[in-house]
Peer 1: 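This is the structure, below, for whatever I ask next.
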2 protein chains.
Amino acid sequence: MPKDRAPTRIQRKNRAAILEAALNVFSAHGYRGATVDQIAAEAGLSKPNLLYYFPSKEAIHTALLTGLLEVWLAPLHELNENGEPLEEILSYIRRKLEMSRDLPRESRLFANELVQGAPRIHDALSSDLKALVDEKTVILTRWMDQGKISRVHPYHLIFSIWALTQHYADFDVQVRAILGDEDPFEGAEPFVETLYRKLLTL
Amino acid sequence: MPKDRAPTRIQRKNRAAILEAALNVFSAHGYRGATVDQIAAEAGLSKPNLLYYFPSKEAIHTALLTGLLEVWLAPLHELNENGEPLEEILSYIRRKLEMSRDLPRESRLFANELVQGAPRIHDALSSDLKALVDEKTVILTRWMDQGKISRVHPYHLIFSIWALTQHYADFDVQVRAILGDEDPFEGAEPFVETLYRKLLTL
DNA sequence: CGTGAGTTTGACCAGTTGGTCAAATCAAGA
DNA sequence: TCTTGATTTGACCAACTGGTCAAACTCACG
């Protein structure tokens, strides 16, 4: 247990290696399915050495989740109320789709946690996430009031975007089992763009 | 291990109780997160007694998955090539949404399996599921060729329906954390109906 | 009733898992 | 170089897990 001074070079390196390894293991096997030994091996450390940097398996998991939550919510944060409504929403969708393509482990990490009832991030959902979504649905509703986009249920609009974009990362195996060689994202991008353009154009 | 005669009354009752309990436990905690003790307790049996009916934890899991796969795919099976195209698709969506509302455990069972790479049903995906989807996309493509519905990527159309409808069961916690008291399905039904009507109407 | 198959259980086992600890090793500043 | 705190490790532990087994019990049916 290092004292709470400024972290040393080694501390920074090993903590980063552990979190990287934990992301691999937790996202592939879920919390319960991941073992500390596995994470330690993947990080190139012995188990006791890993537990020198994090007090427990759960601590690694929550450190990962909380650390990645802001990364995960960044695309929605960027939704700009002063931009062109339809383009803002389409950009948001594109950012989410890119994240599914480029950060599938992060997506599956949250998917694993959510599908099992979010026992470890339930609080963040009903505070941080809810606050962010509430804030952005106000903007969406204003755009609808101003006749800039079609009137639809703003919460379900956001849910649909999450569902559609994250599906490609979370259920990747299924998508690939059906599409075979075809790159999922090649077809997905124009599809979702058309979908939301038609939905939101008056 | 009962002989392979006709199952007795007790066998039928206990096997059903085990599968019901296993559905609860596996869907809530995933394969690795579920314990045989937990399933036995929930089924009202001792662990050795449970293992008298199923040879192993994995056997219970695969029995569940394979038994439910056809239930799960039934809505798509019902998509009728002789029906009115848009109405057929909308009915399919409604059936899937009903399943999310009425059978969320089944949805999460598959979600858990898929998000972890489908180690135990990979074969069923690339054979049964792929065959079914291939068959139905032919119908969708024909409808598009005949100018009955808009031309979109048929596979991604199906993926989007899965994503949207199953989202409400699989990520239920998240949806409820944001919607609060509001019934998710009340808003979801008209939303998805509008969405696909706009997408598919020429 | 009796009897044989079907059912249930307590005791047990080996492997795994998260976590501890004292001792050994290493690194960097005085 | 020397010392002190940071880092690493092998040995270990208790709890849990999936699974086994022989013995006990129960049920249906002749």
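Reminder, nothing fancy here: chain letters follow the sequence lines and each chain counts from 1.
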Peer 1: Find the distance L50(B):CG to dG10(C):P and express it as a whole number of Å.
Peer 2: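 Going from CG in L50(B) over to P in dG10(C) covers 15 Å.
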Peer 1: I want to check something: taking the side chain as every heavy atom from C-beta on, are K47(B) and L51(B) in contact at a cut-off of under 4.5 Å?
Peer 2: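 Yes, their side chains come closer than 4.5 Å.
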Peer 1: Is any side-chain N of the basic residue among R105(B) and E20(B) closer than 4.0 Å to the acidic one's carboxylate O?
Peer 2: yes
Peer 1: For I18(B) and dG18(D), give me the distance from atom CD1 to atom C1', rounded to whole Å.
Peer 2: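 Going from CD1 in I18(B) over to C1' in dG18(D) covers 15 Å.
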Peer 1: Can you pull out the residues from residues 32-48 of chain B that lie within a 4.0 Å heavy-atom distance of DNA chain C?
Peer 2: R32(B), S46(B), P48(B)
Peer 1: Looking at K130(B) and E135(B), does any basic side-chain N land under 4.0 Å from a carboxylate oxygen?
Peer 2: no
Peer 1: Could you write out each protein N or O paired with an N or O of nucleotides 27-30 of chain D at a distance under 3.5 Å?
Peer 2:
residue, atom, partner, partner atom, Å
dA28(D), OP1, R9(B), NH2, 2.5

Peer 1: Is there a side-chain contact between L195(A) and V152(B), using heavy atoms and a 4.5 Å cut-off?
Peer 2: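 L195(A) does not reach V152(B) side chain to side chain.
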Peer 1: N49(A) side chain: which of dT9(D), dG19(D), dT9(C) is closest?
Peer 2: dT9(D)
Peer 1: Is any side-chain N of the basic residue among K148(B) and E84(B) closer than 4.0 Å to the acidic one's carboxylate O?
Peer 2: no
Peer 1: Has K57(B) got its NZ or CZ under 6.0 Å from the middle of the six-membered ring of Y31(B), at an angle within 45 degrees of the ring axis?
Peer 2: yes
Peer 1: For DNA chain C, which residues of residues 111-122 of chain B approach it to below 4.0 angstrom with any heavy atom?
Peer 2: none
Peer 1: Can you check whether R120(A)'s main-chain N or O pairs, donor with acceptor, with E113(A)'s side chain at less than 3.5 Å?
Peer 2: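 Looks like yes, one N/O pair under 3.5 Å.
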Peer 1: Has Q146(B) got more than 12 heavy atoms of other residues, nucleotides or ligands less than 6.0 Å from its CD?
Peer 2: yes
Peer 1: Are OP1 or OP2 of dG6(C) and a side-chain N or O of N14(B) less than 4.0 angstrom apart?
Peer 2: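 Answer no for this pair, as no side-chain N or O of N14(B) is under 4.0 Å from OP1 or OP2.
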Peer 1: Roughly how far, to the nearest 0.5 Å, is CG of L23(B) from CD1 of I60(B)?
Peer 2: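 So the gap between those two atoms works out to 12.5 Å.
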Peer 1: Could you tell me whether a side-chain N or O of K136(B) sits under 3.5 Å from a main-chain N or O of H77(B), the two making a donor and an acceptor?
Peer 2: yes
Peer 1: With a 4.0 Å limit, can you tell me whether Q11(A) has a side-chain N or O closer than that to the phosphate oxygens OP1/OP2 of dA6(D)?
Peer 2: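 No, outside the criterion.
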Peer 1: Tell me the interatomic distance from K13(B), atom NZ, to dT8(C), atom P, rounded to whole angstroms.
Peer 2: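 Going from NZ in K13(B) over to P in dT8(C) covers 7 Å.
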Peer 1: Do L69(B) and I121(B) have side chains that get closer than 4.5 Å, going by heavy atoms?
Peer 2: no
Peer 1: CZ of R15(A) versus P of dT7(D): gap in Å, rounded?
Peer 2: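 One finds 11 Å between P of dT7(D) and CZ of R15(A), rounded.
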Peer 1: Using the C1' atoms of five pairs at each end, what's the angle between the two axes of the helix from dC1(C)-dG30(D) to dA30(C)-dT1(D), to 10 degrees?
Peer 2: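 Roughly 10°, once rounded to the nearest ten degrees.
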Peer 1: Taking ring pair (Phe, Tyr, Trp, His ring centres under 6.0 Å) as the test, write out the residues that go with F171(A), two or more places apart.
Peer 2: H167(A)
Peer 1: From the set dA6(D), dT8(D), dT8(C), return the single nucleotide nearest to any side-chain atom of Y53(A).
Peer 2: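 When the side chain of Y53(A) is considered, dT8(D) is the closest of dA6(D), dT8(D), dT8(C).
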Peer 1: Looking at residues at least two apart in the chain, or sitting in another chain, which of them share a side chain to side chain contact (heavy atoms under 4.5 Å, CB included) with A131(A)?
Peer 2: none
Peer 1: Would you say E193(B) has more than 12 foreign heavy atoms packed within less than 6.0 Å of its CD?
Peer 2: yes
Peer 1: Whole angstrom is fine here: how far is it from CG in L51(B) over to C1' in dA11(C)?
Peer 2: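 Going from L51(B) (CG) to dA11(C) (C1'), I get 15 Å.
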Peer 1: Please determine if a side-chain N or O atom of Y52(B) lies less than 4.0 Å away from the OP1 or OP2 oxygen of dT7(C).
Peer 2: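 Answer yes for this pair, as a side-chain N or O of Y52(B) is under 4.0 Å from OP1 or OP2.
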